[in-house]
Amino acid sequence: DSKYREGWSEGDFFKIDGDRLILQNGEDVEAKDLRIFSLEQGSDTTIGVFEYNTLIVINDYGRRIWKTKQ
């Protein structure tokens, strides 16, 4: 049974495994309640001076688009 504690974000640990994102709450030290998402690359675009990169995140609850702005 592997424990996912690779990398971190605010309150969560995460691991990228191929095209999957695996999230573990920082308090879930036994890794019993992992959240697993499929990942797809979205379309990137530039608007004015800002460059937007998108990632489509998919799980049983639907599809969400995560964006970064540079």
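We number each residue from 1, following the sequence as shown.
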Subject >> Of all pairs that satisfy salt bridge (Lys or Arg N to Asp or Glu O under 4.0 Å), the ones with a partner from residues 38-47, not counting sequence neighbours >> reply: Glu40-Arg63

Original post:
Looking at side-chain heavy atoms only, is the closest gap between Ile36 and Asn59 below 4.5 Å?
Top reply: no

**OP:** Could you tell me which non-hydrogen atom of Arg20 sits nearest to which non-hydrogen atom of Ile22, and how far apart they are?
**Re:** NH2-CD1, 3.6 Å

Original post:
Partners of Asp19 by side-chain contact (heavy atoms from CB on, under 4.5 Å), sequence neighbours excluded?
Top reply: none

Original post:
Do the side chains of Ile16 and Leu39 get nearer than 4.5 Å, heavy atoms only?
Top reply: yes

Original post:
Between atom CD1 of Ile56 and atom OG of Ser43, what is the distance when rounded to the nearest 0.5 Å?
Top reply: 7.5 Å

Original post:
Taking only residues two or more places apart in sequence or in another chain, which ones pass side-chain hydrogen bond (donor to acceptor under 3.5 Å, both in side chains) with Arg35?
Top reply: Asp12

Subject >> CG-CG distance between Leu23 and Asp28, expressed to the nearest 0.5 angstrom >> reply: 11.5 Å

Original post:
Rounded to the nearest 0.5 Å, how far apart are CG of Asn53 and CD of Gln41?
Top reply: 8.5 Å

**OP:** Kindly write out the residues that satisfy side-chain contact (heavy atoms from CB on, under 4.5 Å) with Ser38, not counting sequence neighbours, or none if the list is empty.
**Re:** Ile58

**OP:** Mind checking the OH-CZ spacing from Tyr61 to Phe37? Nearest 0.5 Å is all I need.
**Re:** 9.5 Å

